[in-house]
Amino acid sequence: GAGVSQSPSNKVTEKGKDVELRCDPISGHTALYWYRQSLGQGLEFLIYFQGNSAPDKSGLPSDRFSAERTGGSVSTLTIQRTQQEDSAVYLCASSLGGTQTYEQYFGPGTRLTVT
Amino acid sequence: GQSLEQPSEVTAVEGAIVQINCTYQTSGFYGLSWYQQHDGGAPTFLSYNGLDGLEETGRFSSFLSRSDSYGYLLLQELQMKDSASYFCAAGSGTGGFKTIFGAGTRLFVKA
């Protein structure tokens, strides 16, 4: 079946512009996660959604970052007034949730470059 | 705060056994996962420990000791294709959904 997809695969933007990153999780997966990975670094937790529960936004680095998940499926991560330090690969993952929440399936990521 | 520590690099020869350790400090600890990531690729799930003890999946095994806040990933019969970064990740909070990753261990497998 189809895996997690993300778009765009690459995004170059000018400092100060807003960007939207999209994630399509695996069908039937109730949990969806966003992470950020800088070159050669680990994954930084940003936010997760689980079913109809309120999302855990505790990892968002500033109020310039926001995310929504519509209809329990597609998610969009929005970064407003981008800064050069926002440059990174943004990874989305999904999992079945419940007792299978630990097995996360990752998308290919969106490489964001802020110039 | 929440943090996981693992060695930055490990080098081993083909056919050998290597152990990658991970110590964690997380509130509301739920379980420990391991992921593999090749250069330019996305992380892929390897193993999970929700309870103390050893979990075996083919050439890979993972261990957890909650009392020691410690776990490890054991890779046996190393192959060149195992050269990659390996991340431990701790689930925490309600349902264990909030996942904090370590900085990763870069494994180099030599012929």
Side-chain angles (χ1 to χ4, degrees), chain A residues 2-7 9-10 23-26 29-60 69 75 88-111, chain B residues 1-9 20 22 24 26-51 55 57 60 62 64 71 73 84-108:
Chain A
V4 177
S5 60
Q6 294 185 244
S7 61
S9 55
N10 280 283
C23 172
D24 281 273
I26 293 173
H29 279 194
T30 61
L32 186 147
Y33 313 78
W34 283 99
Y35 298 93
R36 177 168 72 175
Q37 186 174 33
S38 300
L39 188 63
Q41 301 299 310
L43 282 72
E44 177 188 2
F45 167 79
L46 297 177
I47 186 172
Y48 83 77
F49 299 86
Q50 162 54 18
N52 296 321
S53 302
D56 182 332
K57 306 178 183 180
S58 60
L60 295 178
R69 187 179 187 190
S75 177
V89 175
Y90 288 81
L91 291 161
C92 174
S94 69
S95 71
L96 276 170
T99 59
Q100 299 293 311
T101 189
Y102 54 82
E103 187 168 352
Q104 297 180 24
Y105 294 81
F106 282 81
T110 294
R111 183 176 298 279
Chain B
Q2 303 187 62
S3 65
L4 294 91
E5 292 197 12
Q6 50 182 130
S8 58
E9 282 187 12
I20 299 174
C22 174
Y24 61 86
T26 60
S27 57
F29 177 79
Y30 207 82
L32 195 69
S33 303
W34 290 91
Y35 287 81
Q36 177 191 61
Q37 185 178 34
H38 286 99
D39 285 348
T44 56
F45 172 80
L46 292 176
S47 188
Y48 173 76
N49 294 80
L51 302 173
E55 291 287 336
T57 309
F60 296 165
S62 60
L64 176 66
L73 179 70
S85 292
Y86 293 82
F87 297 90
C88 56
S92 64
T94 303
F97 290 100
K98 182 171 182 178
T99 309
I100 305 300
F101 279 75
T105 298
R106 183 82 181 201
L107 172 64
F108 296 94

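Worth saying up front: this structure is predicted, and the values here are computed from it rather than measured.
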* Are there more than 12 heavy atoms of other residues, nucleotides or ligands under 6.0 Å from atom CZ of A:R111? ->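 No, CZ of A:R111 has 12 or fewer neighbouring heavy atoms, counting only those of other groups under 6.0 Å.
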* Count the heavy atoms of every other residue, nucleotide or ligand shown that sit under 6.0 Å from OH of B:Y30, and state whether that count exceeds 12. =>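 Open.
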* Got a second to check how far B:S62's OG is from B:L73's CG, nearest 0.5 Å? ->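 So the OG of B:S62 and the CG of B:L73 are separated by 6.5 Å.
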* For residues B:F29 and B:Y24, establish whether the separation of their ring centroids is below 6.0 Å. =>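 Aromatic pair counts; centres sit under 6.0 Å.
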* Do A:F106 and B:Y35 have ring centroids that are under 6.0 Å from one another? ->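 That pair passes the under 6.0 Å test.
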* To do: Indicate yes or no for a side-chain donor-acceptor contact from B:Q6 to the backbone of B:G104 under 3.5 Å, with no hydrogens or angles considered.
  =>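 Yes.
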* To do: Go through the atoms of B:T99 and report whether side chain, backbone, both or neither lie under 4.5 Å from a heavy atom of chain A.
  =>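 Both backbone and side chain.
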* Asked: Side chain, backbone, both or neither: which part of B:F97 has a heavy atom under 4.5 Å from chain A?
  ->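 B:F97 touches chain A through backbone and side-chain heavy atoms alike.
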* To do: Could you look at A:L91 and say if it's the side chain, the backbone, both or neither that has a heavy atom under 4.5 Å from chain B?
  =>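 The side chain, not the backbone.
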* Using a heavy-atom cutoff of under 4.5 Å, enumerate the residues of residues 33-42 of chain A that contact chain B, numbered in order, or state 'none'. =>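 From residues 33-42 of chain A, the residues near chain B are A:Y33, A:Y35, A:Q37, A:Q41, A:G42.
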* Check whether the side chains of A:E103 and A:Y105 place a donor and an acceptor atom closer than 3.5 Å, and report yes or no. =>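 A donor-acceptor contact under 3.5 Å links the two side chains.
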* Do B:T105 and B:E9 meet the criterion of a side-chain donor-acceptor pair at a distance under 3.5 Å? ->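 Looking only at side-chain atoms, B:E9 and B:T105 do not form any donor-acceptor pair under 3.5 Å.
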* With chain A, which of B:A42, B:G31, B:G91 has the greatest number of heavy-atom pairs at distances under 4.5 Å? ->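 Sorted descending by pairs with chain A, the first entry is B:A42.
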* A:V89, A:V4, A:L43: which one forms the most heavy-atom pairs within less than 4.5 Å of chain B? ->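 Maximum pair count with chain B is reached by A:L43.
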